[in-house]
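Numbers for residues simply follow the sequence, beginning at 1. From a predicted model like this one, the values you see are computed outputs, not experimental measurements.
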Amino acid sequence: MDILKESIFEEHINRENTGSVKWDKNSLKSLYGREDVLPMWVADMDFPSPEGIQKALIERLNHPIFGYTVPSETVFTEIQSWLRDQHSWPITKEWISFSSGVVSAIGTTIQAFTNPGDKILVQSPVYTPFFDMVKNNDREVVNSPLIIEDDRFKIDFTDFEDKLKSGVKLFLFCSPHNPGGRVWTKDELLRIGELCVKYDVIIVSDEIHADLFHSTSRHYPIASLSEQLSDITVTLMAPSKTFNIAGIQASFLITSNEKLQKQLQKAQTKLAFHGLNILALTAMEAAYREGLPWLKDMIAYIEGNIKVAEEFIAAEIPALHVMHPDASYLLWINCRDLGLNDKEIKERLIHQGKLALEPGSKYGPGGEGFVRMNIGCSRSVLLDGLNRLKLAFS
């Protein structure tokens with residue numbers, strides 16, 4: 001990355017008084033009990049979104065009418081081109097439907113494919129809304145905990161199969177994994193698919209971090225691996241994490257199965273969801289048309305941040321251990337060797353380090369004793385956060 005490109009990620013942009021969930025002082029006061037903590041918690045980045053997205057939105061805003069809107073053919077074309085070029089996954093326009101966000105899409109799939117009381121499988125620790133959406137829709141959470149081997153998450157396939165055959169109707173899959181940053185191998189994905197086919201379980205694959213895999217990894221959409229897997233899978237994707245436009249609220253669902261597609265449409269009709277707004281469609285199209293150079297530079301910068309963080313923690317806070325991420329701008333940090341419970345870890349971070357991180361217990365069983373740190377920020381902010389992390393536990 002040259003100096004000119006790197007400079008857009010080096011600049012710290014003041015986000016206070018912009019309604020930012022991450023930086024708003026009232027938000028921090030409510031969540032952490034004080035305003036003077038450095039926020040490195042919620043998963044949005046502090047980088048400016050690609051210039052092509054900004055220009056596309058400004059151009060559309062220059063037209064004075066904002067009436068009812070349907071997606072243009074080019075929106076579908078750009079999504080298809082992106083998935084073909086970045087993930088070697090050819091899809092058709094008919095496989096695509098839209099949603100305001102991946103969490104909303106999870107809720108829609110639960111309502112479309114299951115009934116109250118049905119069992120839904122998750123793998124903890126995992127993104128908190130997986131649990132929330134199952135419980136909020138009066139379904140039963142069945143957990144197959146991930147295991148840690150060599151500081152990496154692994155799937156216990158014996159337990160996974162035992163849980164599937166207990167009557168599970170749907171599997172909520174996090175790929176790449178949040179919070180661990182794990183990119184699943186093709187063999188692991190095929191084994192997951194084989195078992196879900198065997199026990200007639202629908203896969204809902206949250207792949208919102210799919211585009212954020214690092215140079216040493218390769219993400220495979222599970223539905224892309226075979227027609228059989230495509231037939232039982234609904235894939236959830238979005239440009240939001242990739243291009244830092246989460247506030248625009250635009251995502252999409254993909255399935256090749258016509259029956260599943262009709263069930264999704266029926267569920268969305270019940271929710272009175274009829275499509276994305278005009279600015280969401282504009283941003284999505286521009287992101288996939290023009291965002292790739294920015295994305296490559298951003299990932300290179302994040303890889304530099306990971307290196308800085310891992311080296312700092314190893315040298316300055318050796319009691320902590322970082323689970324090296326294959327994807328994303330999130331670090332999953334093991335604090336168990338400190339001998340502190342989750343409440344004590346939180347208190348140290350907030351009041352001694354003045355640092356706002358996500359507590360690992362938030363991600364379900366197996367998350368105890370961990371914290372999640374968002375390093376999608378300038379190097380100067382990262383170093384500030386790392387020094388606060390050291391102060392918290394000194």
Side-chain angles (χ1 to χ4, degrees), residues 42-44 71 75-76 79-80 82-83 87 89 91 93-115 118 120-123 126-139 141 169-178 196 201-212 219 221-224 229-243 245-277 280-281 283-285 287-288 328:
V42 73
D44 70 2
V75 174
F76 293 100
I79 292 172
Q80 289 172 267
W82 183 267
L83 293 176
H87 299 290
W89 187 20
I91 69 167
K93 171 186 173 182
E94 290 70 29
W95 297 6
I96 302 170
S97 55
F98 295 102
S99 175
S100 59
V102 164
V103 175
S104 298
I106 290 171
T108 301
T109 59
I110 288 172
Q111 293 176 26
F113 308 134
T114 66
N115 296 307
D118 280 350
I120 297 177
L121 182 67
V122 303
Q123 296 171 306
V126 74
Y127 184 47
T128 310
F130 278 34
F131 296 99
D132 296 341
M133 296 310 297
V134 174
K135 293 173 183 176
N136 291 346
N137 282 286
D138 301 315
R139 274 63 166 175
V141 172
K169 299 295 183 183
L170 185 147
F171 169 41
L172 288 179
F173 183 37
C174 197
S175 178
H177 183 259
N178 175 14
C196 288
V201 173
I202 294 169
I203 301 171
V204 174
S205 187
D206 172 2
E207 304 193 16
I208 196 169
H209 292 100
D211 301 317
L212 297 171
H219 172 77
I222 190 169
S224 71
L229 283 180
S230 180
D231 196 53
I232 65 164
T233 301
V234 177
T235 304
L236 313 181
M237 289 183 162
S240 54
K241 303 297 185 188
T242 307
F243 301 105
I245 54 172
I248 292 178
Q249 298 187 333
S251 74
F252 53 96
L253 308 87
I254 304 168
T255 182
S256 61
N257 185 313
E258 290 184 20
K259 180 182 176 182
L260 297 184
Q261 187 71 255
K262 288 178 181 178
Q263 288 175 280
L264 283 172
Q265 291 169 358
K266 184 178 180 181
Q268 287 189 319
T269 299
K270 287 181 179 180
L271 296 167
F273 176 80
H274 302 294
L276 297 178
N277 69 65
L281 290 168
M284 181 180 286
E285 180 180 338
Y288 291 130
S328 88

Where do [X] and [Y] come nearest, in terms of heavy atoms and distance?
| X | Y | value |
| --- | --- | --- |
| I222 | E207 | N-OE2, 3.4 Å |
| I248 | A280 | CG2-CA, 3.6 Å |
| H209 | S328 | CD2-CB, 3.9 Å |
| K259 | N257 | N-OD1, 2.9 Å |

[X] side chain vs [Y] backbone, donor-acceptor pair below 3.5 Å:
| X | Y | result |
| --- | --- | --- |
| S251 | S99 | yes |
| T233 | A223 | no |
| Q249 | N277 | no |

Rounded at 0.5 Å granularity, tell me how far [atom1] in [X] sits from [atom2] in [Y].
| X | Y | atom1 | atom2 | value |
| --- | --- | --- | --- | --- |
| I91 | F76 | CD1 | CZ | 10.0 Å |
| T128 | N178 | OG1 | CG | 8.0 Å |
| I232 | T255 | CD1 | OG1 | 10.0 Å |
| F173 | Q123 | CZ | CD | 6.5 Å |
| L264 | K262 | CG | NZ | 12.5 Å |
| L121 | I202 | CG | CD1 | 13.5 Å |

Review point. Is the closest side-chain donor-acceptor distance between D211 and H219 under 3.5 Å?
Key: no
Is any side-chain heavy atom of [X] less than 4.5 Å from a side-chain heavy atom of [Y]?
| X | Y | result |
| --- | --- | --- |
| I79 | M284 | yes |
| L253 | Q261 | no |
| I120 | K169 | no |
| V103 | Y127 | yes |

Check your understanding: Given I254 and L83, is the side chain to side chain contact (heavy atoms under 4.5 Å, CB included) satisfied, shown in steps?
Key -> CA-CA 11 Å; I254 304 168; L83 293 176; 3.4 Å; yes
Point to revise | Residues which pass salt bridge (Lys or Arg N to Asp or Glu O under 4.0 Å) with E285, listed by chain and number, not counting sequence neighbours | key: R289
Check your understanding: Of D118, I106, T114, I110, which meets side chain to side chain contact (heavy atoms under 4.5 Å, CB included) against N137?
Key -> I110
Give every donor-acceptor pair under 3.5 Å between a side-chain atom in residues 267-275 and any protein atom, sequence neighbours left out.
unit_1	atom_1	unit_2	atom_2	d
Q268	NE2	F98	O	2.8
T269	OG1	Q265	O	2.8

Study note, to complete from the structure: Residues passing the side-chain contact (heavy atoms from CB on, under 4.5 Å) test with A287, sequence neighbours excluded, are I53, P239, F243
Check your understanding: Stepwise, does the side chain to side chain contact (heavy atoms under 4.5 Å, CB included) test hold for V234 with L236?
Key -> CA-CA 7 Å; V234 177; L236 313 181; 4.0 Å; yes
